[in-house]
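Each chain gets a letter, A, B and so on, in the order its sequence line appears, and its residues count up from 1.
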Amino acid sequence: MEKTTVRTRFAPSPTGYMHIGNLRSALYAYLFAKSHGGKFILRIEDTDLARYVEGAVDLVYRVLKEVGIHWDEGPDVGGDYGPYIQSERKDMYLPYAEQLIKSGHAYRCFCTKEEIEEARAQAQAEGRAYKYDKKCLHLSKAEIERKLAEGIPYVIRQNVPTSGTTSFTDEIFGTITVDNETLDDGVLIKADKMPTYNFANVIDDHLMQITHVMRGMEYLSSTPKYNLLYEAFGWEIPKYIHMPPVMRDAQHKLSKRDGDASYEDFINKGYLKEAIVNYISLLGWNPGDEREKFTLNELVEAFSIKGLSKSPAIFDPLKLRWLNAQYIRELSAEDFTRHAMPYYEKAGIAHMNTDILCKILQPRVEVFSELPEMVDFLAKLDEGYSIELFTNKKSKTDAQISREVLEFVIPELKALEAWDETHIHDLLMGLAQAREMKNGTLLWPVRIALAGKQVTPGGAIEIAVLLGKCEAIRRLELGLEKLKA
RNA sequence: GGCCCCUUGGUCAAGUGGUUAAGACAUCGCCCUUUCACGGCGGUAACAGGAGUUCGAAUCUCCUAGGGGUCACCA
């Protein structure tokens, strides 16, 4: 038996926004295809002209490329089953719908939107689900001809059976059966001759020989209608893999309105793309072992739909943060600095020693955007800080001791020729030892005077080096003055 | 409301008839320490509820509850 190649697709509609949930769908479809040595196809679903957004398609390309999800076929790279943009395929669908009319699986419906609306409103008022009553299915040939001749607009509806059941097997949810009676005669071709999403999907997936349809589980309940279509055409039904949504909390999907739902939002906040991909891969999937950190290639290696969850997953920003921090810590010093530089500039410290900045910041930063706030004191001392900061129980310091410390430390530092970590370190430690005081007792007041802040990334020595001798001495003297006052 | 799906700690989750019910994030405590972090060690914390089936149920069945989805000439 010939083994067919796995083909999956990601079929976004270009909205100008790469939702985390969509990215995850793309990721899973990509991982599934690649883990089976198959092809991953990108198709743009833009049948709704009213929703056209400038530059939206480019955004899809850019994000996918950036995270390393490469498509084997798509609008820009081509392929044997193109075009890959639905609007360029728009003439392909109508003939298929007409074929269905001939075979009795579809029919023209001349009912106006208003009529439908009315019937729907009435159904709602009576508390029952609306279903089109198949009125136009029973039009005589002559009537149809007459309406056609009059140019009355129509849609083409699927003629679903009114009895019996339809079942299908989802690879993760198992077999699902529905009563055909609950199915509505959905519109296949709109009055403007454009296909509806559902119809275009079936045609395109078949024509592009998609073997595994991976999509959000909101399509679970319309899948029987898809299958009826495949059957009407006599086409092979693809495998279905429906994926639960990404949630903001137990009752809401992660949505655009939350402000935190797009890939771009996270990148702009200083998250690393590797961390984002890694994190979302784990939202609704697990590798079956205890690994949590994965590169894209490792994900391809480890991915299996067996690890996909049936229930929705709540997006946990805290865990993403943690994972991001893990990735930041693994960066080389060069890469860390490259990522941090825009934020250094924002903080006005881009001229400082990047080795030391890296040393003190890399283990502390979880998201790059928080960096300026962490180092604000470097660029500018808040001279109005309270001298109560000099008091610290654990370091055994108070204002009095701090004053004494600064009084003997300042001249020594002033006399120091080589202003670097080693020399400052040796000098300060030597002084503490000579005076028989805890390192902390000496270092605390120095750091406070240098930073004017209780909590700082890095200690007194690193901060002194970063500030440079001149500024460091100035701050120390200012601190001493405050203590004397 | 009809139909479909889901339900293990606060969160992500392992688990497929017999386990002291993993692990991670978060949280709390301790250690390390030049503040804060990093790192290390440890603690708190869960099978939605109820009936069955079975020698034995988180695992199988049914009911209830809760949640989600869907019911467009939107995708």
Side chain of A:K394 only, heavy atoms from C-beta on: which candidate in B:G39, B:U33, B:C5 is closest?
B:U33

Under 4.0 angstrom, heavy atoms only, what part of the nucleic acid is A:Q454 near: base, sugar-phosphate, or nothing?
base

Nearest to the A:P363 side chain among B:C73, B:U34, B:C38, which nucleotide is it?
B:C38

Using Watson-Crick or G-U wobble geometry with both distances under 3.5 Å, which nucleotide pairs with B:G1?
B:C71

What does A:T456 touch in the nucleic acid at a heavy-atom separation under 4.0 angstrom: a base, only the sugar-phosphate, or nothing?
base

A:Y385 and A:F390 aromatic ring geometry - parallel, tilted or perpendicular at 30°/60° bounds
tilted

Is the charged tip of A:K193 near the ring of A:Y154: under 6.0 Å from the six-membered ring centre and within 45° of its axis?
yes

Touch class at under 4.0 angstrom, heavy-atom based, for A:G216 against every strand present
nothing

Whole angstrom value for the distance that separates P of B:A22 from CG of A:N286
16 Å

For A:Q400 and A:E404, does a side-chain donor sit closer than 3.5 Å to a side-chain acceptor?
yes

Please assess A:T441 against A:T397 for the test side-chain hydrogen bond (donor to acceptor under 3.5 Å, both in side chains), listing each intermediate value before the final yes or no.
CA-CA 6 Å; A:T441 311; A:T397 61; over 6 Å; no

Need one value for A:R321: base, sugar-phosphate or nothing, where a base atom within 4.0 Å counts as base even if backbone is also close, heavy atoms only.
nothing

